[in-house]
Amino acid sequence: MRFCFDKLASQNIRKSLYKEWLETNGLGDYASSSLICCNMRKYHGLFVANLDTPPGRHVLLSTLDETLRVGERDFAFSCRKHPGVYHPRGHEYLEGVDIGEWPRFTYRIGGFQLVRELLMPQGKRQLLLRYTLLAQQDAAVSDSASAEALRKTPPVTLRLRPLLAFRSFHTLTHANLDLHVETSSVPGGFGVKPYDDMPPLFVQSSANATFFPSPDWYYSVEYLMERERGFDASEDLFQPGVLDCVMEPGVPVYVLVGTEPFAAAAEPSSKSAPRAKGKAASDETTPTPERLNALWEQEVQQRLERRTKARTGKTGASLSGRLMRYLAEEGRKFLVRTPQGTPAILAGYHWFEAWGRDSLIALPGLTFYAGREEEGVELLRAIGASARDGRIPNFFSPDGNHAYNSVDASLWYIWAVQQMLLAAPHLEPLAREVCWPVIKAITTAYSTDKVPHVRIDPSGLLQAGDASTQLTWMDASVNGVPVTPRAGYPVDINALWYNALAFTDYLARKCDEPAWKCGDRLLSLRTAFGRAFHVGGIPSYLADVCLPDGGQDTAIRPNMLLAVSLPFAVLDDDQQAGVVETVRNNLLTPYGLRTLSPGSPAYQGLYEGDSEARDSAYHQGTVWPWLLGAYGDALLRVAWDTEGAVRDLLVTLTPLFSTHLGEAGVGSISEIFDGNPPHLPGGSIAQAWSVGECLRLLQKLRQAAPAAYADWEISLGTRTNRIYRG
């Protein structure tokens with residue numbers, strides 16, 4: 001799919017600043033900015049690297065100050081926000097933006113077009129930009145006449161001023177005397193190492209390029225989204241010098257950015273671009289046009305091959321329709337290898353690291369339901385290996401000091417294994433060999449009170465937390481006080497616990513290990529659950545938390561769905577439909593499920609303001625798309641008219657899979673939305689469990705009602721024809 005924005009869309013500065021693009025390389029590195037390439041967040045940058053030392057992601061190259069010099073005239077086509085002004089105003093030259101296989105920006109400057117493209121080769125710590133000068137598209141002028149006109153243009157120079165941040169992506173930088181301004185010469189550009197504890201940065205061009213060292217600071221670059229979020233929003237960026245690249249009509253100019261200087265992996269193929277005039281043969285350290293074109297084409301070919309495999313079903317899972325194929329490829333952005341080589345799932349872009357709960361909920365959709373069995377198995381191995389005393393980390397720290405402070409991450413591991421077997425039943429022998437020991441350790445830890453703040457009461461119910469802890473996924477706090485207190489017996493945790501015991505019992509029988517059978521415990525737990533959580537009414541539903549004193553928190557929240565949706569449902573069959581109906585009537589929106597019914601006095605319908613205001617609304621009505629996976633599972637379990645239920649749900653969710661993909665993080669699914677219409681997106685622009693669970697949901701709905709799904713996708717294509725292309 002391609003998301004195309006014309007001149008009017010790109011020049012509407014307010015709207016275009018709130019649409020963001022993202023390019024990744026599978027190492028945790030990324031490039032990202034707004035539609036007009038004016039950075040709006042401290043997390044935006046052209047080269048944000050996931051480093052080993054210092055650990056974590058760091059904005060190395062924030063942006064480029066780009067100018068096209070034609071004869072004696074300068075046309076600045078980049079854009080930054082400074083106090084009271086946007087400067088330069090490069091968006092005024094922007095003719096169109098195409099976010100497809102990679103971001104592409106087209107500028108109309110004078111009598112020609114300039115096309116600016118960028119991509120990050122997978123598995124390489126590099127950013128590759130391509131600038132191409134083209135004839136202006138004019139139907140009244142022949143191609144030969146256009147070419148002749150371009151040959152007569154004055155000399156054209158692409159002038160680039162790299163603006164460096166060299167900081168953690170959570171912080172900001174300011175002019176200082178500690179920065180080393182010296183640069184080194186490398187073929188086609190320069191290298192610079194601003195700080196002793198940071199890696200160097202190299203910027204090299206394929207063109208006839210000259211670098212002029214001219215250290216300087218660009219002061220007071222502002223990031224409006226940070227100001228809106230209540231954070232510091234201004235920093236200074238360092239310019240090491242100016243790189244002038246001679247441009248020729250029709251000959252691409254490549255610019256390579258990386259933490260190591262260019263080194264040719266192999267000689268370019270015969271299909272490489274022709275050498276620019278004046279370029280002679282060189283050693284393997286010279287980034288010639290042929291070599292950088294080969295690097296570009298190799299990455300493009302790999303992306304096209306992946307898309308072709310998804311279309312033909314060779315990835316393993318049956319990805320019917322372009323939407324599921326697209327989401328499967330989009331999900332690749334979250335699958336990374338850490339600097340230590342460990343597979344991981346980044347919870348979201350831009351600021352999230354790898355989280356245990358998020359990773360395990362997203363894992364089935366991003367891997368097994370996307371045709372990536374090997375990646376899924378490898379992730380389960382790695383996550384299982386990280387367990388300590390039967391506990392899966394809640395947070396995977398870049399420095400290796402993981403946090404084991406959740407009650408449910410380990411229980412979601414068991415669910416992820418179940419989803420693996422549902423999507424790929426032939427992997428059951430692997431589940432017995434690799435996952436069964438981890439599952440036994442988890443069950444033992446919970447059963448013997450070895451999980452901090454967790455205990456099993458005599459009835460078998462699981463009690464978790466106290467007034468000062470937030471151990472479930474609703475974990476926001478303000479000034480150290482939980483916003484959504486859930487200490488006691490949370491409904492979702494007990495549903496997950498029952499499911500874990502039932503699956504342990506299942507595997508014990510498969511593995512012929514009778515000591516691990518849990519039949520008696522399951523019966524007791526099921527009885528206690530129904531007695532503790534049932535809330536009367538028509539329809540009846542479940543309390544969100546049962547309190548130690550026997551009381552109930554009867555707020556209508558989506559957590560009760562897990563009592564219906566999990567593979568082993570703890571709730572009796574005759575009560576399941578009431579839960580789904582209650583959720584549908586109170587929580588379902590076109591973008592996901594609200595976290596609290598609008599009828600509650602504590603409901604917060606807007607996610608906005610400073611950090612405290614946003615945290616106060618995070619789980620108090622805000623809509624989360626990832627919950628749609630559980631809703632779909634529950635709906636399919638209770639629906640008497642499966643096809644009708646599938647059709648209704650798909651129609652309801654049409655805006656999520658149409659208009660939303662062209663807003664916020666263009667092409668991806670946001671973390672959250674406002675609880676109130678029009679349900680504006682918020683949080684991170686691309687969230688792993690949003691994409692993973694939405695893909696898994698679509699797979700489930702297609703399998704349950706193929707005709708209904710096919711009809712819906714046809715209508716979806718018609719509805720989104722103005723946005724989707726290709």
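We count residues from 1, following the sequence as given. FYI, side chains are in, hydrogens and waters are out, and symmetry mates aren't considered; it's all heavy atoms of this structure.
The salt bridge (Lys or Arg N to Asp or Glu O under 4.0 Å) check on Arg388 picks up nothing, with sequence neighbours excluded.
Taking the six-membered ring for Trp, Trp473 and Trp626 have ring centres closer than 6.0 Å.
Under the salt bridge (charged side-chain N to carboxylate O under 4.0 Å, His left out) criterion, no residue pair touches residues 192-207, with sequence neighbours excluded. Judged as a ring pair (Phe, Tyr, Trp, His ring centres under 6.0 Å), the pairs with a partner in residues 373-409 (not counting sequence neighbours) are, in order, Trp355-Phe395, Phe396-His402.
In summary, Glu226 and Lys81 do not engage in a salt bridge, as defined by a charged side-chain N under 4.0 Å from a carboxylate O. For Glu235 and Lys42, the salt-bridge test fails: no basic side-chain N is under 4.0 Å from an acidic carboxylate O. The pair Glu378-Arg381 does not count as a salt bridge, with every side-chain nitrogen at least 4.0 angstrom from each carboxylate oxygen. We find that Arg57 and Glu353 are joined by a salt bridge, their nearest charged nitrogen and carboxylate oxygen being less than 4.0 Å apart. We find that Asp65 and Arg80 are joined by a salt bridge, their nearest charged nitrogen and carboxylate oxygen being less than 4.0 Å apart.
You'll find the side chain of Leu128 stays beyond 4.5 Å of the side chain of Met120, heavy atoms only. The shortest distance between side-chain heavy atoms of Arg125 and Asp29 falls below 4.5 Å. You'll find the side chain of Asp358 stays beyond 4.5 Å of the side chain of Phe334, heavy atoms only.
Inspection of the Glu20 and Tyr349 side chains reveals no N or O donor paired with an N or O acceptor under 3.5 Å.
Between Tyr86 and His91, the two ring planes are perpendicular [angle over 60°; tilted spans 30° to 60°]. Relative orientation of the Tyr43 and His350 rings is parallel, given thresholds of 30° and 60° on the angle between their planes.
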Intermediate values then yes/no, side chain to side chain contact (heavy atoms under 4.5 Å, CB included), Thr472 and Val407: CA-CA 6 Å; Thr472 74; Val407 66; 4.1 Å; yes
